[in-house]
Amino acid sequence: MAREVNFDGLVGPTFNHGGFALGNLASTTSSGQTSHPRQAALQGLAKMRALHDLGIPQGVFPPHFRPELSLARQLGFEGDEAGLLKQLLEADPRVLAACYSASSMWTANAATVSPSADSQDGRVHLTPANLQNQLHRSIEAPSSQRILNAVFRTERFVVHDALPASAALGDEGAANHTRFCRDYGSAGLQFFVFGQAATEPWREKPTRFPARQTKEACEALVRLHRLPAERVFLAQQNPAVIDAGVFHNDVIAVGDRDVLFFHERAFLEPNTVSELRERFEALTGAPLQVVEVKDEELDVDACVATYLFNSQLVAGPDGASLLVCPAEVEAHEKARLLVEGLVADPESPIASVRYHDVRESMHGGGGPACLRLRVVLSAEELADVAPGTLFTPALHERLEAWVKRHHRERLPPADLADPALVEESRVALDALTQLLGLGSIYPFQIDAGRS
């Protein structure tokens, strides 16, 4: 039987608030604030453990090594490691923060995934996102690819190269991709949402913030993942909501199996959802259940402030849909009452809700859904995943101890120039790869010839 595994990103020891993500209001608002790496990592682990204890399969991805000083050298900065850090702090602290970006923790942007049930060659396809739109994220694809290859390491999986780093092929991963199906092992309808079409200039586009996902990137992913036309549906995100801070589709809509939970302003074309329902029923013979939130119930600004739609929608222990919301939803009276009303409604497909404190992640601009990459796997495919990355209570205890040993309690922006932080990061990640049984995945390990 196929199951959906949520691979969450571990928060690394250099977690900081760089505030680079234009269009991500939470990120830019937190720019330059002191971060709390230990707390951020423990909050993420607590969410993983809670979902695991409900019977929802969990996996973990290691963080990327930071600082990525090759970025600074490509931009003309010179010197040894310590000198380079000092120079960046004095001359361009924004580049220093970009080199230290912690955004790989939001693994919804790590890749787009198509399960074997949908692909013509019967294999699981994974394509790392190029994330070319934002400087601090454009450095992630090579590390993401190494991690994916280490975790999904047999012929059952195809890990593609990232798409070329071009504005015409902007790809932000699973944050703009949802798969609908009757059950995880049956054929599904893959829903790709784009913000603009580079080769169709007549289309509407946002004017305040960038549209990060292109139609052309979605079309390329369809070809790479060998998806038949009847199993694909493309739609454009509403440019107006991008300009309101909805930088990815998963900030305004979330889906799982045969349920779509979305805001009425999510998509540009008014018939998007009706067409999606028709396509789903034609493919599966079953109805797509939709839960629409009207603007008068909760406006877009409140959606962005609470990250209601950046909640995880998962199959709960009884198979019914469970909504995993950030604590900000519970704290916002209107959002909380809306969710409670959905759960109480006997006709609603959303049967229950849980709230989780991932406040440090939220300050950086990512809620529960940003923290995980969903991968549907058959029993045979699951057996081929690197076993040390599959979440267990014993692994949880070891990871908690790793965090408490290696993560600083506080990280002010000035500390990014501390050479000791670089060595702390190396030591922490070297220990982590051994703990997870992944071998050498970081450049400093590969250069040293470690096994």
Side-chain angles (χ1 to χ4, degrees), residues 6 24-26 29 43 47 50-51 54 56 108 175-176 178 180 191 193 235 237-238 240-268 270 272-274 276-277 287-359 361-363 365-372:
N6 286 266
N24 182 333
L25 301 182
T29 300
Q43 286 174 349
K47 180 182 76 74
L51 293 184
L54 289 173
I56 298 165
N176 296 302
T178 306
F180 297 103
F191 183 39
V193 179
Q237 191 175 2
N238 183 352
V241 301
I242 295 176
D243 280 338
V246 180
F247 54 99
H248 290 138
N249 181 61
D250 68 359
V251 182
I252 201 72
V254 60
D256 179 62
R257 295 178 297 167
D258 62 347
V259 178
L260 170 64
F261 179 43
F262 72 106
H263 192 276
E264 68 170 335
R265 296 183 61 200
F267 309 111
L268 176 62
T272 293
V273 174
S274 60
L276 182 66
R277 297 179 78 173
L288 181 67
Q289 304 180 79
V290 301
V291 180
E292 181 180 16
V293 174
K294 299 289 188 182
D295 210 47
E296 66 229 32
E297 295 176 284
L298 198 71
D299 63 25
V300 172
D301 288 344
C303 294
V304 172
T306 62
Y307 271 33
L308 169 62
F309 292 100
N310 201 247
S311 301
Q312 290 177 247
L313 190 60
V314 298
D318 57 357
S321 290
L322 162 67
L323 194 65
V324 181
C325 296
E328 284 75 4
V329 172
E330 186 177 28
H332 189 285
E333 183 179 14
K334 202 168 183 180
R336 176 178 53 80
L337 291 175
L338 187 153
V339 171
E340 289 177 357
L342 288 175
V343 170
D345 183 353
E347 296 186 2
S348 168
I350 299 174
S352 57
V353 60
R354 284 177 174 258
Y355 300 101
H356 283 279
D357 180 2
V358 288
R359 192 160 285 116
S361 176
M362 288 285 286
H363 286 166
C370 282
L371 285 164
R372 60 92 179 98

ring-ring contact (aromatic ring centres under 6.0 Å, His included) contacts in which one or both residues fall within residues 309-352, not counting sequence neighbours: F261-F309
Under 3.5 Å donor-acceptor, H248 side chain and N310 backbone: no
Which atom pair, heavy atoms only, marks the closest approach of A320 to R257? C-NH2, 3.8 Å
Are the side chains of C325 and P368 in contact, using a 4.5 Å heavy-atom criterion? no
Look only at the side chain of E264 and the backbone of D295, and say whether a donor-acceptor pair between them is shorter than 3.5 Å. yes
Does the side chain of L260 reach to within under 4.5 Å of the side chain of E292, using non-hydrogen atoms? no
With rounding to the nearest 0.5 angstrom, report the CG to CD distance, N176 to Q237. 6.5 Å
Nearest heavy-atom pair of P287 and D258: which atoms, and what distance? O-CB, 4.1 Å
Nearest heavy-atom neighbours spanning S311 and A369: O-CB, 3.6 Å
R354 vs L54 side-chain heavy atoms within contact, under 4.5 Å: yes
CG of L308 to NE2 of H263: how many Å apart, nearest 0.5 Å? 9.0 Å
From L276 CG over to F267 CZ, what is the distance, rounded to the nearest 0.5 angstrom? 7.5 Å
Report, one line per pair, each donor and acceptor closer than 3.5 Å where one atom sits in a side chain of residues 343-351; sequence neighbours left out.
unit_1 : atom_1 : unit_2 : atom_2 : d
D345   : OD1    : E347   : N      : 2.9
S348   : OG     : L342   : O      : 3.2
S348   : OG     : I350   : N      : 3.1

Give the minimum heavy-atom separation between H356 and V324, together with the two atoms involved. CD2-CG1, 3.5 Å
Sequence neighbours excluded, the answer for side-chain contact (heavy atoms from CB on, under 4.5 Å) partners of D243 is P206, T207, R208, F209
Restricting to non-hydrogen atoms, name the atom on V358 and the atom on L371 that form the minimum distance, rounded to 0.1 Å. CG1-CD1, 4.1 Å
Closest heavy-atom pair and its distance - V241, A266: CG2-O, 4.2 Å
Find the distance between CD1 (I252) and SG (C303) and round it off to the nearest 0.5 Å. 4.5 Å
Kindly write out the residues that satisfy side-chain contact (heavy atoms from CB on, under 4.5 Å) with E330, not counting sequence neighbours, or none if the list is empty. R336, Y355
Atom pair CD/SG of Q312 and C370 - distance to nearest 0.5 Å: 10.0 Å
Heavy atoms, side chains only, cut-off 4.5 Å: are V259 and L313 in contact? yes
Measure the spacing between CZ of R265 and NZ of K294 and express it to the nearest 0.5 Å. 12.5 Å
Sorted by chain and number, sequence neighbours left out, side-chain contact (heavy atoms from CB on, under 4.5 Å) with T178 holds for F180, F191, R374
Partner set under side-chain contact (heavy atoms from CB on, under 4.5 Å) for R359, not counting sequence neighbours: Q43, A327, E328, D357, H363
